[in-house]
Undergrad: 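Dropping a structure here in structure tokens format, bear with me for questions.
Index from 1, following the sequence. Start at 1 and go down the list; that is how both ligands and their atoms are numbered.
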Amino acid sequence: MTMTARTILTCLFVSAAALLPVVASVRTFAAGDDDHSATAEKQLREMTLDEKIGQMTQVDLKALKDLGDIAKYSLGSILCGGNSDPDDITAAGWAKAQDDCQGQALKTRLKIPLLFGVDAVHGHNNVDGAVIFPHNIGLGASRDPAVVEKAARITAREMIGTGIRWTFAPCVAVARNERWGRTYESFGERPELAAELGPAAVRGLQGDSLAAAESVLACVKHYVGDGGTTDGQDQGNTECDEKTLRQIHLPGYVAAIKQGAASIMPSYSSWNGKKLHGHKYLLTDLLKGELGFDGFLISDWAAIDQLGPDYKADIEQSINAGLDMVMIPNGPDKPNNYVEFVTKLKELVNEGKVPMSRIDDAVRRILKVKAKMNLADRRFSDPGLKAKVGSAEHREVARDCVRKTLVLLKNEKKVLPLSKSIKKLVVAGPAADDIGIQCGGWTIPWQGATGNVIHGGTTVLAALKEALGPGVEIVHSPDGSGATGADAAVVVIGERPYAEMFGDRRGDKDLSLPAEDLAALKKVREAGVPVATVVFSGRPVLLDPVIASSDAILAAWLPGTEGRGIADVLLGDYKPTAKLPHTWPLGMAQIPCNNEYNADVVLFRFGFGLTY
Ligand code: GLC
């Protein structure tokens, strides 16, 4: 056999062998994906330009001039932003609002189902009576992907009970400066927390298949570097080289994409002065190209409006940069509204400034996700799961999550765990019986609220009364008075609720706890009884006055509605296991202080946490 023939044969053999795994993987890969792609392609071929642009348009429910505009503009998505709740915020009220919108989509020519999105970021937190889980910072302290997955799974179940199958979560920010008001939405200061817990949240939300009965669509956010802005300014500027951006802020996305996350939200923030929402290299070349993200990108709330003063130019820049769907909170009575958006985007296509290929790519991505979700057959609320919203079963899961998020920072004289045969216990502090402070921001209203903001939860006071029973005298003292003679005191203090930029503490604003809370703690200390202090906060706060007046300190973050989990730890039914997800600075002058071990900078190290 001549050399040539042998070479040819060898090449054929090698190439066939080399192809085999590829063919096999393509075949395996194509089995499910091909069907969804075929569905998307078929729909795309039938669509007019107006219908395609409609699919790329997400409108806030409160901005709709008329519910009929869903059909009129063939809208692809509706959201209820932080404060856009329907009038009836019970599960039944939310289910009706969602189902009514889906009914409008059924009036369109192609009857493509709507994606209805909300921020269910720590439970279905817009629904009265829902179970509210610990915010991400507490889940980060748990270091437990199973806890994160369970919380997300229950959240998904409660969402589907209201017909809502898209949440703008998980946030995989890596918060590097505690002055940032969104620190609590991050799992912690290190990328490995985002990379491990972000995918766990995606697993809990999306399950093994987006089409499964209890799966919802996740939306990983805010891409990329939202937690790394200078001075922790919300929507600010992340100034770093690409190597740092990739090392610190990208791992959460790499892992979440690998887990199958099917939507991603860009950040309001900028990287070295260029807004993410108009950043073609990061949105298209890196995310969709290098990382192979095949889902779709949804903008943040009116975020494209920040690109520049001219709305049409904003649309052109953001869509050409790789944005696939635009979140529009403005109705026809305001500028930059959804009617303007569809009109101007159509003009841009007809003027050749936005290529039809870009429109088709965006719509194909959206349609493919809807096909993967089998959304056409899952448009409406699930009565069975609606009945489970806020169920005791769900609350028990959340209680277990809470236990695993609590970090014991101090425990002198073994004040904790409290004895159950105690005779008189004082439960003091403004946050001892305040479910709103206990839950924090993104709970019913966008900013959260003090007081009884949500029904069905259990405050620390109520949980301790339930656990200790009628044989123990429990004195509730919000201001800390009357503690003399008690066997011990639990003082519950904390940051008041906030969200996003309203939580920024920049310039001369600091991370002190409210004076009212510190005064209550001091009053209890002066009564000379053993003091265990529970701190609700969305981040490390200034702790000196707390340390001075407490024998024991439990960092509880923003644990949500299930205060029983806190009582379980206070009474020793669960030994604290959580570890700090942030380096705890000595003071404001030491912020930012990530990965620091120097004792004259750091009060408690990243990873610190005591147990019994
Ligand atoms: C907000 C937030 C984003 C949220 C969106 C919709 O401004 O930045 O996290 O998902 O708007 O409420």
Undergrad: Counting heavy atoms only, which part of Tyr268 comes closer than 4.0 Å to ligand 1: side chain, backbone, both or neither?
TA: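 Just the side chain.
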
Undergrad: Nearest protein heavy-atom contact for atom 1 (C) of ligand 1: which residue, which atom, what distance?
TA: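 Nearest neighbour among protein heavy atoms for atom 1 (C) of ligand 1, to 0.1 Å: Glu500 OE2, 3.2 Å.
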
Undergrad: Taking 4.0 angstrom as the limit and counting only heavy atoms of Lys221, give me the atoms of ligand 1 inside it, by number and element.
TA: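 With Lys221 as reference, the close atoms of ligand 1 come out as 3 (C), 4 (C), 9 (O), 10 (O).
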
Undergrad: Going by atom type alone, with no hydrogens or angles, which donor-acceptor pairs under 3.5 Å involve a side-chain atom of residues 61-68 and a protein atom two or more places apart or on another chain?
TA:
residue, atom, partner, partner atom, Å
Lys62, NZ, Asp85, O, 3.1
Asp66, OD1, Gly68, N, 2.4

Undergrad: Go through it in stages, so that I can follow the logic: the residues are Phe293 and Tyr223, the test is ring pair (Phe, Tyr, Trp, His ring centres under 6.0 Å), and I'd like the CA-CA distance, side-chain angles, deciding distance and then a yes or no.
TA: CA-CA 12 Å; Phe293 175 60; Tyr223 178 83; 8.7 Å; no

Undergrad: Is His222 close to ligand 1, meaning an N/O of one under 3.5 Å from an N/O of the other?
TA: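 N/O-N/O distance under 3.5 Å: yes.
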
Undergrad: Got the closest protein heavy atom to atom 12 (O) of ligand 1, with its distance?
TA: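 The closest heavy atom on the protein side is Asp119 OD2, 2.5 Å.
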
Undergrad: Going by the order shown, which atoms of ligand 1 are within less than 4.0 Å of some heavy atom of Phe168?
TA: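 So the atoms of ligand 1 that pass are 10 (O).
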
Undergrad: Parallel, tilted or perpendicular for Trp446 and Phe502, by the 30°/60° rule?
TA: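 It falls in the perpendicular class, over 60°.
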
Undergrad: Around atom NZ of Lys150, are there more than 12 heavy atoms from other residues, nucleotides or ligands closer than 6.0 Å?
TA: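 Enclosed.
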
Undergrad: For atom 5 (C) of ligand 1, which protein heavy atom lies nearest, and how many Å away is it?
TA: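 Here the nearest protein heavy atom works out to Asp300 OD1, 3.2 Å.
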
Undergrad: OG1 of Thr229 to CG of Asp504: how many Å apart, nearest 0.5 Å?
TA: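 Between atom OG1 of Thr229 and atom CG of Asp504 there are 7.5 Å.
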
Undergrad: Would you call the rings of Trp271 and His279 parallel, tilted or perpendicular, where under 30° means parallel and over 60° means perpendicular?
TA: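 Trp271 and His279: tilted rings.
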
Undergrad: Within the 4.0 Å heavy-atom shell around Trp301, which atoms of ligand 1 are there?
TA: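 Atoms satisfying the 4.0 Å criterion: 7 (O), 11 (O).
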
Undergrad: Which is it for Arg182 and ligand 1 at heavy atoms under 4.0 Å: side chain, backbone, both or neither?
TA: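 Near ligand 1, Arg182 shows its side chain, while the N, CA, C and O stay back.
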
Undergrad: Using the side chain to side chain donor-acceptor pair (under 3.5 Å) rule, collect all pairs that involve residues 204-214, keeping only residues at least two apart or in two chains.
TA: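 Non-adjacent pairs meeting side chain to side chain donor-acceptor pair (under 3.5 Å): Arg157-Glu214.
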
Undergrad: Could an N or O of ligand 1 be found under 3.5 Å from any N or O of Glu185, whether backbone or side chain?
TA: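 No.
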
